[in-house]
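So that we are looking at the same thing, I have put the structure below in structure tokens.
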Amino acid sequence: MDDELKAIQADLDGVLDRLAAYMGPEDGDETGKGREAAARVALHYARERGPLGRSVRTARDAASGCWEGPKIRPGERLAELGESNTTAGLAELVGAMRALREWQWHRFPLEEKHTAALARAVGAWSHKQCQFIGESVGLELTPRRRVDPRAGARERAAHEVFALHQRNPEAFPLSQALFEKVGGWYGMSASTVARAYYRCTSLQEPRERVKESPSRGLSENGET
């Protein structure tokens with residue numbers, strides 16, 4: 001290793017140690033875990049290009065489950081698989097899948113225990129030890145009668161309606177025309193989009209925020 005790389009390594013070690021000390025023991029009690037937590041904060045900071053403090057807060061919020069963003073709802077499979085009715089292996093996989101689902105919004109790097117659980121499940125499937133990922137630890141397939149392939153598209157359409165209406169309520173009032181417009185993008189009828197919009201549970205929190213803080217957005221009827 002040349003002198004330049006040695007100098008960079010020394011600087012990097014110093015930064016990680018300082019950041020781990022700043023974050024405190026609650027962010028990594030085990031030996032070496034503090035540096036790992038600090039490294040994940042540094043990765044998030046480098047990727048997001050925002051203030052370092054934001055990445056530290058995201059780390060703590062993600063670890064405590066207090067981050068702001070869509071939460072796992074009662075009707076989801078991940079909500080149904082509680083820790084009390086699962087084996088140890090399945091509980092680890094479910095925890096990893098929950099972390100991966102939430103990662104879609106906060107983008108904070110997963111903990112090693114979560115990537116390890118996912119890797120074991122994929123490895124078992126890849127070695128033909130099970131038919132589908134997760135079966136090796138007791139994960140069951142969703143009953144076919146409960147499968148709804150278009151649910152995600154309907155939710156995205158509902159959020160599209162909300163975003164357009166909030167951005168410009170005069171140009172995009174909540175009307176048949178708006179539902180038809182968005183429906184055309186998703187291959188849905190206006191009535192399907194309208195039902196999706198008014199029944200969308202993941203829009204409840206954004207609607208409440210708009211009602212409580214009109215200065216941050218517009219209300220459902222387009223009034224400021």
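Worth saying up front: this structure is predicted, and the values here are computed from it rather than measured.
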side-chain hydrogen bond (donor to acceptor under 3.5 Å, both in side chains) filter on R145, not counting sequence neighbours, yields none

Among all residues two or more places apart in sequence or in another chain, which pass the side-chain hydrogen bond (donor to acceptor under 3.5 Å, both in side chains) test with E135?
none

CG/L110 to CD/E102 distance, rounded to the nearest 0.5 angstrom?
10.0 Å

Among the clusters formed by ILVMFWY side chains lying less than 4.5 Å apart, do Y22 and L43 turn up in the same one?
no

Side chain to side chain contact (heavy atoms under 4.5 Å, CB included) with L141: which residues, sequence neighbours excluded?
F132

Let me confirm one number: the CZ-CG distance from R101 to L78, rounded to the nearest 0.5 Å.
7.0 Å

For the pair S175 (side chain) and P173 (backbone), establish whether a donor and an acceptor sit closer than 3.5 Å, ignoring hydrogens and angles.
yes

Identify whether the distance between the nearest side-chain nitrogen and carboxylate oxygen of R98 and E76 falls below 4.0 Å.
no

Could you tell me which non-hydrogen atom of P109 sits nearest to which non-hydrogen atom of R40, and how far apart they are?
O-NE, 3.3 Å

Those residues that, when tested against E4, pass side chain to side chain contact (heavy atoms under 4.5 Å, CB included) (two or more places apart)
D2, I8

For M23 and V41, what are the C-alpha separation, side-chain angles and deciding distance, and is it a side chain to side chain contact (heavy atoms under 4.5 Å, CB included)?
CA-CA 10 Å; M23 291 168 63; V41 168; 3.7 Å; yes

Is there side-chain contact between R207 and F162, with heavy atoms separated by less than 4.5 Å?
yes

Holding to side chain to side chain contact (heavy atoms under 4.5 Å, CB included), I want the full list of residues that pass it with A190, two or more places apart in sequence or in another chain.
Q176, F179, E180

Go through W185 and V193 one step at a time and tell me if the side chain to side chain contact (heavy atoms under 4.5 Å, CB included) criterion holds.
CA-CA 11 Å; W185 298 340; V193 175; over 6 Å; no

Measure from the side-chain N and O atoms of S64 to the backbone N and O of R60, and report whether any donor-acceptor pair falls under 3.5 Å.
yes

Working to the nearest 0.5 angstrom, can you tell me the gap between R156 CZ and Y186 OH?
6.0 Å

Please check if atom CD in Q104 has more than 12 non-hydrogen atoms from other residues, nucleotides or ligands closer than 6.0 Å.
yes

Minimum side-chain heavy-atom gap D148-R154 below 4.5 Å
yes

Row check, W103 ring normal vs R107 NZ/CZ: under 6.0 Å, within 45°:
yes

Rounded to the nearest 0.5 Å, how far apart are OG of S136 and CG of L90?
9.5 Å

What residues, two or more places apart in sequence or in another chain, satisfy side chain to side chain contact (heavy atoms under 4.5 Å, CB included) together with L12?
L16

As an exercise, state the distance from CD1 of I133 to CG of L118, rounded to the nearest 0.5 Å.
9.0 Å

Mind jotting down which residue pairs meet the salt bridge (charged side-chain N to carboxylate O under 4.0 Å, His left out) criterion with at least one end in residues 181-192? Sequence neighbours excluded, please.
none

How would you list, by chain and number, every residue that makes a ring-ring contact (aromatic ring centres under 6.0 Å, His included) with H114, sequence neighbours excluded?
none

Which of L5, D13, D11 passes side chain to side chain contact (heavy atoms under 4.5 Å, CB included) with Q9? Answer is D13

If we only count heavy atoms from C-beta on, is the F172 to V182 side-chain gap below 4.5 Å?
no

Side-chain polar contacts of residues 120-127 - donor-acceptor pairs under 3.5 angstrom, sequence neighbours left out - could you list them?
residue : atom : partner : partner atom : Å
R120    : NH2  : E92     : OE1          : 2.9
H127    : ND1  : G123    : O            : 2.8

Can you tell me which residue pairs pass the salt bridge (charged side-chain N to carboxylate O under 4.0 Å, His left out) test with a partner in residues 183-195, sequence neighbours excluded?
none

Which atom names give the shortest non-hydrogen contact between L203 and A158, and what distance separates them?
CD1-O, 3.7 Å

Mind checking side-chain hydrogen bond (donor to acceptor under 3.5 Å, both in side chains) for S55 and listing every partner two or more places apart, or none if nothing turns up?
H44

One should read off an interatomic distance between R47 CZ and F108 CZ, to the nearest 0.5 angstrom, of 9.0 Å

Between E155 and S202, what is the shortest heavy-atom contact and its length?
OE2-OG, 2.6 Å

Considering only residues two or more places apart or on different chains, which pairs with a residue in residues 48-58 satisfy salt bridge (charged side-chain N to carboxylate O under 4.0 Å, His left out)?
none

Side chain to side chain contact (heavy atoms under 4.5 Å, CB included), that's the test. Do M188 and R150 meet it? Break it down for me.
CA-CA 10 Å; M188 301 175 187; R150 296 286 286 166; 3.5 Å; yes

Around atom CD of Q129, are there more than 12 heavy atoms of other residues, nucleotides or ligands at under 6.0 Å?
yes

T192 and S189 have their tightest heavy-atom pair at OG1-OG, 2.9 Å

Greater than 12 external heavy atoms within 6.0 Å of R77's CZ
yes

Looking only at heavy atoms, what is the nearest atom pair of A20 and G34, with distance?
CB-O, 3.5 Å

